[in-house]
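In the text below, chain A, chain B and the rest are named by the order of the sequence lines, each starting its count at 1.
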2 protein chains.
Amino acid sequence: MSTLSIDRHDLALLDALQRSGDATNATLGEAVHLSASQVSRRLQRLQEAGLITGYAALLDPAALGLDVMAFAHVVLERHGGVRTEAFEDGVAALPEVLECFSVSGNADYVLRIVAPDLAAFSELMMKRVLRLPGIANIKTDIVLGKVKQTHVLPLEHIARPGRPRRGVRFTVS
Amino acid sequence: MSTLSIDRHDLALLDALQRSGDATNATLGEAVHLSASQVSRRLQRLQEAGLITGYAALLDPAALGLDVMAFAHVVLERHGGVRTEAFEDGVAALPEVLECFSVSGNADYVLRIVAPDLAAFSELMMKRVLRLPGIANIKTDIVLGKVKQTHVLPLEHIARPGRPRRGVRFTVS
DNA sequence: ACTGAAAGCTGTCGCGT
DNA sequence: ACGCGACAGCTTTCAGT
(Lines give C-alpha, C1' and ligand atoms only; values in the text may rest on other atoms or scores of the structure.)
Protein backbone atom coordinates (compact mmCIF):
# COMPACT_ATOMS: atom_id res chain seq x y z
CA MET A 1 0.00 0.00 0.00
CA SER A 2 1.54 3.21 -1.19
CA THR A 3 0.60 6.81 -0.77
CA LEU A 4 -0.15 8.54 -4.02
CA SER A 5 -0.51 12.21 -4.63
CA ILE A 6 -3.30 12.99 -7.04
CA ASP A 7 -4.06 16.54 -8.06
CA ARG A 8 -6.82 17.98 -10.19
CA HIS A 9 -4.64 17.64 -13.30
CA ASP A 10 -4.33 13.91 -12.76
CA LEU A 11 -8.07 13.61 -12.25
CA ALA A 12 -8.73 15.55 -15.41
CA LEU A 13 -6.30 13.32 -17.29
CA LEU A 14 -7.94 10.13 -16.05
CA ASP A 15 -11.33 11.46 -16.98
CA ALA A 16 -10.24 12.51 -20.44
CA LEU A 17 -8.42 9.25 -21.09
CA GLN A 18 -11.24 6.93 -20.13
CA ARG A 19 -13.40 8.82 -22.61
CA SER A 20 -10.88 8.95 -25.44
CA GLY A 21 -7.97 6.65 -24.88
CA ASP A 22 -6.32 7.48 -28.19
CA ALA A 23 -5.92 11.19 -27.51
CA THR A 24 -2.36 12.38 -28.01
CA ASN A 25 -0.42 13.79 -25.10
CA ALA A 26 -0.45 17.15 -26.82
CA THR A 27 -4.23 17.09 -27.14
CA LEU A 28 -4.62 16.00 -23.55
CA GLY A 29 -2.24 18.73 -22.52
CA GLU A 30 -4.41 21.37 -24.12
CA ALA A 31 -7.49 20.11 -22.33
CA VAL A 32 -5.71 19.97 -19.00
CA HIS A 33 -3.46 23.01 -19.44
CA LEU A 34 -0.22 21.07 -19.25
CA SER A 35 2.64 20.43 -21.64
CA ALA A 36 2.85 17.16 -23.51
CA SER A 37 5.91 16.11 -21.58
CA GLN A 38 4.12 16.60 -18.27
CA VAL A 39 1.21 14.57 -19.53
CA SER A 40 3.59 11.81 -20.53
CA ARG A 41 5.22 11.76 -17.11
CA ARG A 42 1.92 11.81 -15.24
CA LEU A 43 0.47 9.01 -17.33
CA GLN A 44 3.49 6.86 -16.58
CA ARG A 45 2.98 7.48 -12.88
CA LEU A 46 -0.74 6.73 -13.06
CA GLN A 47 -0.11 3.52 -14.93
CA GLU A 48 2.63 2.37 -12.55
CA ALA A 49 0.34 3.18 -9.64
CA GLY A 50 -2.22 0.84 -11.17
CA LEU A 51 -4.93 3.45 -11.66
CA ILE A 52 -4.76 2.89 -15.41
CA THR A 53 -4.88 -0.84 -15.99
CA GLY A 54 -4.68 -0.77 -19.76
CA TYR A 55 -6.10 0.47 -23.01
CA ALA A 56 -8.75 -1.06 -25.20
CA ALA A 57 -10.48 -0.55 -28.50
CA LEU A 58 -14.22 -0.45 -27.96
CA LEU A 59 -16.17 -2.54 -30.43
CA ASP A 60 -19.82 -2.16 -31.36
CA PRO A 61 -21.66 -5.35 -30.39
CA ALA A 62 -24.54 -4.68 -32.78
CA ALA A 63 -22.20 -4.05 -35.69
CA LEU A 64 -20.48 -7.33 -34.89
CA GLY A 65 -23.76 -9.18 -34.95
CA LEU A 66 -24.10 -9.57 -31.19
CA ASP A 67 -27.73 -8.57 -30.90
CA VAL A 68 -28.71 -10.38 -27.71
CA MET A 69 -27.60 -9.54 -24.21
CA ALA A 70 -28.94 -11.02 -21.01
CA PHE A 71 -28.41 -11.21 -17.28
CA ALA A 72 -28.55 -14.73 -15.84
CA HIS A 73 -29.20 -15.12 -12.12
CA VAL A 74 -27.72 -18.40 -10.96
CA VAL A 75 -28.50 -20.30 -7.78
CA LEU A 76 -26.10 -23.11 -6.90
CA GLU A 77 -26.97 -26.39 -5.22
CA ARG A 78 -26.21 -26.48 -1.53
CA HIS A 79 -24.07 -29.41 -0.60
CA GLY A 80 -22.09 -29.60 2.62
CA GLY A 81 -18.64 -28.90 1.24
CA VAL A 82 -18.73 -25.67 -0.72
CA ARG A 83 -17.59 -26.49 -4.27
CA THR A 84 -17.95 -23.34 -6.27
CA GLU A 85 -14.63 -23.45 -8.11
CA ALA A 86 -15.87 -25.85 -10.76
CA PHE A 87 -18.73 -23.52 -11.62
CA GLU A 88 -16.55 -20.42 -11.54
CA ASP A 89 -13.87 -21.99 -13.73
CA GLY A 90 -16.46 -23.13 -16.21
CA VAL A 91 -17.93 -19.65 -16.39
CA ALA A 92 -14.52 -18.08 -16.86
CA ALA A 93 -13.90 -20.32 -19.85
CA LEU A 94 -16.98 -19.16 -21.75
CA PRO A 95 -16.19 -16.11 -23.91
CA GLU A 96 -19.88 -15.26 -24.25
CA VAL A 97 -20.05 -14.72 -20.50
CA LEU A 98 -18.56 -11.25 -20.20
CA GLU A 99 -19.05 -10.92 -16.47
CA CYS A 100 -19.78 -13.07 -13.46
CA PHE A 101 -20.26 -11.67 -9.97
CA SER A 102 -21.34 -13.28 -6.76
CA VAL A 103 -24.12 -11.17 -5.32
CA SER A 104 -26.34 -10.66 -2.34
CA GLY A 105 -30.05 -11.26 -2.77
CA ASN A 106 -31.85 -14.32 -4.05
CA ALA A 107 -29.23 -15.52 -6.52
CA ASP A 108 -25.67 -16.58 -5.86
CA TYR A 109 -24.25 -15.23 -9.11
CA VAL A 110 -25.17 -12.77 -11.82
CA LEU A 111 -23.79 -13.37 -15.31
CA ARG A 112 -23.81 -10.98 -18.22
CA ILE A 113 -24.02 -12.94 -21.45
CA VAL A 114 -23.97 -11.90 -25.11
CA ALA A 115 -24.94 -13.87 -28.19
CA PRO A 116 -25.62 -13.25 -31.89
CA ASP A 117 -29.36 -13.94 -31.68
CA LEU A 118 -31.99 -15.68 -29.59
CA ALA A 119 -31.38 -19.03 -31.25
CA ALA A 120 -27.67 -18.90 -30.49
CA PHE A 121 -28.39 -17.61 -26.99
CA SER A 122 -30.79 -20.43 -26.32
CA GLU A 123 -28.28 -22.99 -27.52
CA LEU A 124 -25.56 -21.42 -25.43
CA MET A 125 -27.69 -21.55 -22.31
CA MET A 126 -28.85 -25.11 -22.88
CA LYS A 127 -25.61 -26.67 -24.01
CA ARG A 128 -23.00 -24.72 -22.11
CA VAL A 129 -24.29 -22.63 -19.22
CA LEU A 130 -26.91 -24.98 -17.78
CA ARG A 131 -24.44 -27.84 -17.96
CA LEU A 132 -21.98 -26.09 -15.68
CA PRO A 133 -21.52 -28.08 -12.48
CA GLY A 134 -23.51 -27.34 -9.34
CA ILE A 135 -26.32 -25.23 -10.75
CA ALA A 136 -29.67 -25.50 -8.98
CA ASN A 137 -31.56 -23.03 -11.17
CA ILE A 138 -31.20 -19.98 -13.41
CA LYS A 139 -33.49 -17.03 -14.02
CA THR A 140 -32.65 -14.97 -17.08
CA ASP A 141 -33.49 -11.37 -17.87
CA ILE A 142 -33.15 -10.58 -21.55
CA VAL A 143 -32.11 -7.01 -22.34
CA LEU A 144 -34.83 -5.33 -24.38
CA GLY A 145 -33.36 -1.87 -24.72
CA LYS A 146 -30.32 0.17 -23.82
CA VAL A 147 -30.98 3.39 -21.90
CA LYS A 148 -27.38 4.01 -20.97
CA GLN A 149 -24.11 2.13 -21.18
CA THR A 150 -20.72 3.51 -20.33
CA HIS A 151 -17.36 2.36 -19.07
CA VAL A 152 -16.62 5.83 -17.72
CA LEU A 153 -16.19 5.62 -13.96
CA PRO A 154 -17.27 8.57 -11.81
CA LEU A 155 -14.32 10.38 -10.29
CA GLU A 156 -16.05 13.14 -8.39
CA HIS A 157 -15.76 11.28 -5.08
CA ILE A 158 -11.97 11.56 -5.16
CA ALA A 159 -11.99 15.33 -5.00
CA ARG A 160 -14.52 15.27 -2.18
CA PRO A 161 -13.18 15.05 1.38
CA GLY A 162 -14.57 11.63 2.30
CA ARG A 163 -13.14 9.01 4.63
CA PRO A 164 -9.70 7.43 4.27
CA ARG A 165 -9.54 4.65 1.67
CA ARG A 166 -8.11 1.18 1.64
CA GLY A 167 -5.49 0.27 -0.93
CA VAL A 168 -3.79 3.20 -2.56
CA ARG A 169 -3.99 6.25 -0.34
CA PHE A 170 -4.68 9.48 -2.14
CA THR A 171 -3.46 12.89 -1.26
CA VAL A 172 -5.55 15.12 -3.45
CA SER A 173 -4.00 18.52 -3.75
CA MET B 1 -26.56 -0.68 -44.52
CA SER B 2 -23.35 -1.53 -46.25
CA THR B 3 -21.67 -4.75 -47.14
CA LEU B 4 -18.33 -5.20 -45.46
CA SER B 5 -15.67 -7.70 -46.26
CA ILE B 6 -14.04 -9.08 -43.17
CA ASP B 7 -11.27 -11.60 -43.39
CA ARG B 8 -9.45 -13.50 -40.69
CA HIS B 9 -6.81 -10.76 -40.49
CA ASP B 10 -9.47 -8.19 -39.62
CA LEU B 11 -10.92 -10.49 -36.98
CA ALA B 12 -7.50 -11.06 -35.48
CA LEU B 13 -6.91 -7.31 -35.45
CA LEU B 14 -10.20 -6.58 -33.69
CA ASP B 15 -9.49 -9.25 -31.14
CA ALA B 16 -5.99 -8.01 -30.46
CA LEU B 17 -7.09 -4.40 -30.25
CA GLN B 18 -9.92 -4.91 -27.79
CA ARG B 19 -7.42 -6.62 -25.51
CA SER B 20 -4.61 -4.09 -25.90
CA GLY B 21 -5.75 -0.90 -27.51
CA ASP B 22 -2.36 0.78 -27.24
CA ALA B 23 -0.50 -1.77 -29.32
CA THR B 24 1.46 -0.19 -32.15
CA ASN B 25 0.61 -1.03 -35.73
CA ALA B 26 3.98 -2.71 -36.05
CA THR B 27 3.31 -4.93 -33.04
CA LEU B 28 -0.16 -5.75 -34.29
CA GLY B 29 1.32 -6.52 -37.68
CA GLU B 30 3.66 -9.10 -36.16
CA ALA B 31 0.84 -10.81 -34.34
CA VAL B 32 -1.35 -10.87 -37.41
CA HIS B 33 1.39 -11.40 -40.02
CA LEU B 34 0.77 -8.13 -41.80
CA SER B 35 2.87 -5.05 -42.45
CA ALA B 36 2.31 -1.94 -40.34
CA SER B 37 0.92 -0.06 -43.31
CA GLN B 38 -1.67 -2.75 -43.94
CA VAL B 39 -2.68 -2.65 -40.30
CA SER B 40 -3.08 1.10 -40.55
CA ARG B 41 -5.33 0.88 -43.60
CA ARG B 42 -7.42 -1.93 -42.16
CA LEU B 43 -7.94 -0.12 -38.87
CA GLN B 44 -9.14 2.95 -40.74
CA ARG B 45 -11.65 0.79 -42.60
CA LEU B 46 -12.83 -0.91 -39.43
CA GLN B 47 -13.29 2.39 -37.67
CA GLU B 48 -15.13 3.98 -40.58
CA ALA B 49 -17.33 0.90 -40.76
CA GLY B 50 -18.25 1.51 -37.14
CA LEU B 51 -16.92 -1.77 -35.84
CA ILE B 52 -14.43 0.13 -33.70
CA THR B 53 -16.34 2.84 -31.89
CA GLY B 54 -13.42 4.32 -30.00
CA TYR B 55 -10.56 3.82 -27.61
CA ALA B 56 -10.51 4.04 -23.85
CA ALA B 57 -8.14 3.87 -20.96
CA LEU B 58 -9.35 1.27 -18.48
CA LEU B 59 -9.27 2.41 -14.88
CA ASP B 60 -9.19 0.22 -11.79
CA PRO B 61 -12.32 0.93 -9.73
CA ALA B 62 -10.80 -0.42 -6.52
CA ALA B 63 -7.68 1.67 -6.93
CA LEU B 64 -9.91 4.70 -7.42
CA GLY B 65 -11.79 3.97 -4.23
CA LEU B 66 -14.93 2.62 -5.90
CA ASP B 67 -15.38 -0.44 -3.71
CA VAL B 68 -19.11 -0.98 -4.04
CA MET B 69 -20.96 -2.19 -7.11
CA ALA B 70 -24.58 -3.20 -7.31
CA PHE B 71 -27.36 -4.13 -9.67
CA ALA B 72 -30.64 -2.36 -9.04
CA HIS B 73 -33.83 -3.88 -10.42
CA VAL B 74 -36.38 -1.15 -10.94
CA VAL B 75 -40.12 -1.50 -11.38
CA LEU B 76 -41.95 1.59 -12.60
CA GLU B 77 -45.44 2.67 -11.62
CA ARG B 78 -48.10 1.83 -14.18
CA HIS B 79 -50.13 4.80 -15.16
CA GLY B 80 -52.16 4.92 -18.35
CA GLY B 81 -49.92 7.12 -20.44
CA VAL B 82 -46.45 5.62 -20.48
CA ARG B 83 -44.03 8.22 -19.12
CA THR B 84 -40.65 6.56 -18.94
CA GLU B 85 -38.57 9.38 -20.38
CA ALA B 86 -38.37 11.25 -17.10
CA PHE B 87 -36.96 8.20 -15.37
CA GLU B 88 -34.57 7.41 -18.20
CA ASP B 89 -33.29 10.97 -18.43
CA GLY B 90 -32.73 11.07 -14.70
CA VAL B 91 -30.80 7.83 -14.81
CA ALA B 92 -28.67 9.05 -17.69
CA ALA B 93 -27.69 12.10 -15.67
CA LEU B 94 -26.27 10.09 -12.77
CA PRO B 95 -22.57 9.30 -13.34
CA GLU B 96 -22.63 6.54 -10.71
CA VAL B 97 -25.16 4.67 -12.84
CA LEU B 98 -22.89 3.10 -15.43
CA GLU B 99 -25.60 1.17 -17.21
CA CYS B 100 -29.34 1.06 -17.51
CA PHE B 101 -31.20 -1.51 -19.59
CA SER B 102 -34.85 -2.28 -19.95
CA VAL B 103 -35.27 -6.00 -19.44
CA SER B 104 -37.69 -8.86 -19.61
CA GLY B 105 -38.62 -10.57 -16.36
CA ASN B 106 -40.02 -9.10 -13.18
CA ALA B 107 -38.26 -5.74 -13.33
CA ASP B 108 -38.60 -3.03 -15.95
CA TYR B 109 -34.99 -1.86 -15.75
CA VAL B 110 -31.65 -3.12 -14.49
CA LEU B 111 -29.10 -0.53 -13.39
CA ARG B 112 -25.43 -1.11 -12.68
CA ILE B 113 -24.28 1.32 -10.02
CA VAL B 114 -20.89 2.02 -8.45
CA ALA B 115 -20.05 3.93 -5.29
CA PRO B 116 -17.05 4.47 -2.99
CA ASP B 117 -18.51 2.55 -0.06
CA LEU B 118 -21.77 1.34 1.42
CA ALA B 119 -22.45 4.64 3.12
CA ALA B 120 -22.07 6.56 -0.12
CA PHE B 121 -24.06 3.91 -1.97
CA SER B 122 -26.89 4.12 0.53
CA GLU B 123 -26.97 7.89 0.27
CA LEU B 124 -26.91 7.70 -3.52
CA MET B 125 -29.85 5.30 -3.58
CA MET B 126 -31.90 7.27 -1.04
CA LYS B 127 -31.26 10.77 -2.27
CA ARG B 128 -30.86 10.32 -6.01
CA VAL B 129 -32.02 7.01 -7.40
CA LEU B 130 -35.18 6.46 -5.34
CA ARG B 131 -36.22 10.03 -6.02
CA LEU B 132 -36.28 9.49 -9.77
CA PRO B 133 -39.80 9.94 -11.11
CA GLY B 134 -42.16 7.02 -11.61
CA ILE B 135 -40.45 4.35 -9.53
CA ALA B 136 -42.73 1.77 -7.89
CA ASN B 137 -40.01 -0.26 -6.20
CA ILE B 138 -36.36 -1.30 -6.40
CA LYS B 139 -34.60 -4.50 -5.45
CA THR B 140 -30.84 -4.25 -5.17
CA ASP B 141 -28.22 -6.97 -5.49
CA ILE B 142 -24.89 -5.92 -4.02
CA VAL B 143 -21.84 -7.43 -5.72
CA LEU B 144 -19.91 -9.50 -3.20
CA GLY B 145 -17.15 -10.84 -5.40
CA LYS B 146 -15.85 -10.68 -8.94
CA VAL B 147 -15.44 -14.03 -10.71
CA LYS B 148 -14.90 -12.55 -14.14
CA GLN B 149 -15.15 -9.16 -15.78
CA THR B 150 -14.13 -8.34 -19.30
CA HIS B 151 -14.99 -5.93 -22.06
CA VAL B 152 -13.67 -8.40 -24.67
CA LEU B 153 -16.51 -9.39 -26.96
CA PRO B 154 -16.55 -12.89 -28.44
CA LEU B 155 -15.85 -12.89 -32.17
CA GLU B 156 -15.96 -16.59 -32.95
CA HIS B 157 -19.52 -16.36 -34.27
CA ILE B 158 -18.40 -14.19 -37.16
CA ALA B 159 -16.20 -16.86 -38.66
CA ARG B 160 -18.95 -19.42 -38.28
CA PRO B 161 -21.43 -19.76 -41.16
CA GLY B 162 -24.58 -18.63 -39.35
CA ARG B 163 -27.62 -16.84 -40.71
CA PRO B 164 -27.50 -13.46 -42.48
CA ARG B 165 -27.23 -10.51 -40.09
CA ARG B 166 -29.00 -7.20 -39.85
CA GLY B 167 -26.99 -3.99 -40.03
CA VAL B 168 -23.56 -4.34 -41.53
CA ARG B 169 -23.36 -7.38 -43.75
CA PHE B 170 -20.18 -9.39 -43.50
CA THR B 171 -18.42 -11.31 -46.16
CA VAL B 172 -15.90 -13.33 -44.22
CA SER B 173 -13.19 -14.59 -46.46
C1' DA C 1 -3.39 -6.53 -52.76
C1' DC C 2 0.78 -6.09 -50.39
C1' DT C 3 5.56 -4.10 -49.50
C1' DG C 4 8.92 -0.56 -48.64
C1' DA C 5 10.52 3.91 -48.19
C1' DA C 6 9.72 8.74 -47.06
C1' DA C 7 7.58 12.50 -44.60
C1' DG C 8 5.09 14.10 -40.72
C1' DC C 9 3.76 13.31 -35.84
C1' DT C 10 4.15 11.62 -31.23
C1' DG C 11 6.24 10.06 -27.07
C1' DT C 12 9.99 10.57 -24.12
C1' DC C 13 13.97 12.23 -21.91
C1' DG C 14 17.54 15.69 -20.57
C1' DC C 15 18.11 20.20 -19.36
C1' DG C 16 17.12 24.84 -17.94
C1' DT C 17 14.15 27.75 -15.34
C1' DA D 1 7.35 21.14 -10.72
C1' DC D 2 7.04 22.64 -15.09
C1' DG D 3 8.09 23.72 -20.07
C1' DC D 4 11.19 23.56 -24.02
C1' DG D 5 13.68 21.21 -27.38
C1' DA D 6 15.77 17.15 -29.56
C1' DC D 7 15.84 12.50 -30.81
C1' DA D 8 13.95 8.14 -31.55
C1' DG D 9 10.08 5.59 -32.95
C1' DC D 10 5.64 5.33 -34.89
C1' DT D 11 1.95 6.27 -38.28
C1' DT D 12 0.43 7.05 -42.64
C1' DT D 13 0.66 7.86 -47.39
C1' DC D 14 2.40 7.06 -51.87
C1' DA D 15 4.68 4.82 -55.47
C1' DG D 16 6.10 0.40 -57.22
C1' DT D 17 5.57 -4.47 -58.03
May I have the list of side-chain donor-acceptor pairs in residues 23-31 of chain B shorter than 3.5 Å, sequence neighbours left out?
residue	atom	partner	partner atom	Å
B/T24	OG1	B/T27	N	3.1
B/T24	OG1	B/T27	OG1	2.7

Between its two end axes (five pairs each) the helix from C/dA1-D/dT17 to C/dT17-D/dA1 turns, nearest 10 degrees, through 20°
Is any side-chain heavy atom of [X] less than 4.5 Å from a side-chain heavy atom of [Y]?
X      : Y      : result
A/D67  : A/D117 : no
A/F101 : B/M69  : yes
A/D10  : A/D7   : yes
A/I113 : A/M125 : yes
B/P154 : A/L98  : yes

In whole angstroms, how far is the P atom of D/dC10 from the CG atom of B/L43? 16 Å
Could you name each residue pair satisfying salt bridge (Lys or Arg N to Asp or Glu O under 4.0 Å) that touches residues 14-26 of chain A, not counting sequence neighbours? A/D15-A/R19
Side-chain ion pair, A/E99 and B/R112, N-O less than 4.0 Å: yes
Which atom pairs, donor and acceptor, lie under 3.5 Å between side-chain atoms of residues 133-153 of chain A and protein residues at least two apart or in another chain?
residue	atom	partner	partner atom	Å
A/K148	NZ	B/A92	O	3.1
A/K148	NZ	B/L94	O	2.8
A/K148	NZ	B/V97	O	2.9
A/T150	OG1	A/V152	N	2.9
A/H151	NE2	A/Q18	O	2.4

State, to 0.1 Å, how close A/L124 and A/V114 come at their nearest heavy-atom pair, and which atoms those are. CD2-O, 4.2 Å
Letter by letter from the 5' end, nucleotides 11-17 of chain D scores (B base, S sugar-phosphate only, - none; protein heavy atoms under 4.0 Å) SBB----
DNA chain C: 5'-most and 3'-most nucleotides touching chain B, 4.0 angstrom heavy-atom criterion: C/dC2 to C/dG4
